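This report refers to the structure that appears directly beneath it.
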Amino acid sequence: MRRLVVLAFLVASAYGCGLPTFPPVLSRVVAGEDVRPHSWPWQVSLQSDSSGRWRHVCGGTLISSDWVLTAAHCIKTPGHLTSHSDRYNYSVELGKHSLETSEEGSTARRAATIIPHEDYNIILSRNDIALIKLSSPVTFSDTLVPACVPDRSLVLPHGAPCYVTGWGRLSTSGPPADILQQALLPVVDHDTCSQPDWWSVLATDKMVCAGGDGITAGCNGDSGGPLNCQNPDGSWDVHGVVSFGSGQGCNVLQKPTVFTQVSSYIDWINNAMTNH
């Protein structure tokens with residue numbers, strides 16, 4: 001049955017997964033734009049204090065009251081989190097619209113447990129997925145709602161209209177965003193994305209490609225964040241986790257943003273959440 005995997009971990013609440021109190025304003029602009037405040041209430045900012053102050057390093061997605069989905073490459077020394085400082089050197093900012101402003105309805109949690117995929121391959125970006133257990137559960141509200149997860153092994157059709165969200169750079173060499181951004185990225189099917197003049201063998205069937213028009217893409221700082229795709233009932237699934245893009249820049253023709261395909265990892269997510 002649909003979405004039972006993660007719904008089992010949601011606390012009893014009037015807030016259903018994937019249903020924002022303030023629905024996003026969806027447009028077909030070719031570049032990113034400021035979002036309606038709190039219209040993607042599962043979007044989180046993963047922050048590190050490695051520079052001496054907390055700063056945004058990656059995005060992530062709230063999928064239950066105490067679990068966040070992100071990318072393995074966002075986590076320092078994936079697979080080797082053995083010291084106390086490694087495990088607790090991250091803060092998760094939730095319910096944010098502007099990263100520079102103190103906002104009512106936002107909250108922060110430390111990372112209590114970090115679980116990168118055990119078979120993450122940093123060279124080929126395989127299995128680029130991780131889970132973060134928050135130090136304490138959050139209470140769902142108008143500004144804090146979990147995303148739904150898709151059915152196991154569900155593959156999106158070519159051209160499906162999905163949205164990437166994040167505080168990444170506004171252009172390849174531009175500044176990072178202060179206000180959360182959204183951009184329409186239509187899905188590119190695997191047969192197309194794996195063609196030699198696209199991503200070739202780097203694109204696997206456990207990834208989702210989206211975009212590739214040379215205009216709109218995820219960029220540095222969007223890593224770990226969601227590819228949001230709407231269901232017929234109006235709810236939103238997180239179908240992808242931002243994994244990689246072109247080294248030539250953020251907006252390269254036929255080099256769409258590549259996401260880890262969440263539907264390929266439902267069993268892994270369920271097992272990790274159950275055993276921790």
Side-chain angles (χ1 to χ4, degrees), residues 1-7 10 13-44 59-64 68-70 94-97 129 140-168 179-190 193 207-213 215-218 222 224-243 256-266 269:
M1 296 179 64
R2 181 169 177 77
R3 293 195 282 278
L4 284 184
V5 173
V6 171
L7 284 180
L10 302 183
S13 169
Y15 298 92
C17 73
L19 292 170
T21 299
F22 311 104
V25 177
L26 305 179
S27 69
R28 299 289 172 147
V29 297
V30 296
E33 59 182 343
D34 291 359
V35 310
R36 180 186 187 185
H38 308 298
S39 56
W40 305 101
W42 42 84
Q43 174 81 46
V44 310
T61 306
L62 185 70
I63 58 170
S64 80
V68 165
L69 191 64
T70 189
L94 307 104
K96 296 293 293 179
H97 179 61
I129 192 169
F140 300 145
S141 66
D142 290 347
T143 59
L144 280 173
V145 176
C148 302
V149 296
D151 289 335
R152 182 186 292 107
S153 303
L154 180 65
V155 176
L156 294 166
H158 184 78
C162 297
Y163 289 80
V164 63
T165 51
W167 289 278
I179 301 298
L180 184 63
Q181 301 289 297
Q182 68 181 35
L184 173 67
L185 290 185
V187 169
V188 178
D189 64 19
H190 178 66
C193 196
M207 299 175 181
V208 181
C209 300
D213 61 1
I215 301 171
T216 308
D222 289 327
L227 181 67
N228 306 280
C229 308
Q230 195 167 28
N231 297 303
D233 66 1
S235 65
W236 291 85
D237 286 350
V238 52
H239 270 275
V241 175
V242 178
S243 181
T257 305
V258 181
F259 301 78
T260 304
Q261 183 170 263
V262 175
S263 65
S264 296
Y265 293 89
I266 297 300
I269 292 169

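On a predicted model such as this, the values are computed, not experimentally measured, just so you know.
Atom OG1 of T70 sits about 11.0 Å away from atom CD1 of I63, to the nearest 0.5 Å. Atom SG of C229 sits about 5.0 Å away from atom CG of L156, to the nearest 0.5 Å. Between atom CD1 of residue I179 and atom NZ of residue K96 there is a gap of 9.5 Å, rounded to the nearest 0.5 Å. The CG atom of N231 lies 4.0 Å from the CG atom of D237; values are rounded to the nearest 0.5 Å. Here CE of M207 is found 9.0 Å from SG of C193. Values are rounded to the nearest 0.5 Å.
Counting only distance, with no hydrogens or angles, the side chain of D222 and the backbone of G168 share a donor-acceptor pair below 3.5 Å.
The side-chain hydrogen bond (donor to acceptor under 3.5 Å, both in side chains) check on S264 picks up Q261, with sequence neighbours excluded. In this structure, the side chain to side chain contact (heavy atoms under 4.5 Å, CB included) partners of T257, at least two apart in sequence or on a different chain, are L185, A217, V242, F259. Every residue two or more places apart in sequence or in another chain that forms a side chain to side chain contact (heavy atoms under 4.5 Å, CB included) with L19 is listed here: S235. Shown here are the side-chain hydrogen bond (donor to acceptor under 3.5 Å, both in side chains) partners of T61, two or more places apart in sequence or in another chain: there are none. Partners of T143 under the side-chain hydrogen bond (donor to acceptor under 3.5 Å, both in side chains) rule, at least two apart in sequence or in another chain, are S141. Under the side-chain hydrogen bond (donor to acceptor under 3.5 Å, both in side chains) criterion, N228 pairs with W42, T165, sequence neighbours left out.
Listed here is the closest heavy atom pair of L26 and Q230: CD1-OE1, 4.1 Å. Minimum heavy-atom separation, G211 to P256: C-CB, 3.6 Å. Shown here for V238 and P226, the closest heavy-atom pair between the two residues is CG2-CB, 3.7 Å. For the residue pair G59 and Q43, the shortest heavy atom distance occurs at CA-NE2, 3.9 Å. The shortest heavy-atom contact between D142 and P41 is O-CB, 4.4 Å. Closest of all the heavy-atom pairs between L180 and W167 is N-NE1, 3.2 Å.
The closest side-chain heavy-atom distance from E33 to V25 is not below 4.5 Å. Between P150 and V262 there is a side-chain heavy-atom pair separated by less than 4.5 Å. Looking at P146 and C17, their side chains come closer than 4.5 Å, going by heavy atoms from C-beta outward. Residues C209 and V258 meet the side-chain proximity criterion, which asks for heavy atoms closer than 4.5 Å. Side-chain contact between L184 and P161 is present, with heavy atoms from C-beta onward closer than 4.5 Å. The side-chain heavy atoms of W236 and P24, taken from C-beta on, include a pair separated by under 4.5 Å. With contacts defined as side-chain heavy-atom distances shorter than 4.5 Å, the pair P20/H38 does not qualify. Looking at H97 and D34, their side chains never come closer than 4.5 Å, going by heavy atoms from C-beta outward.
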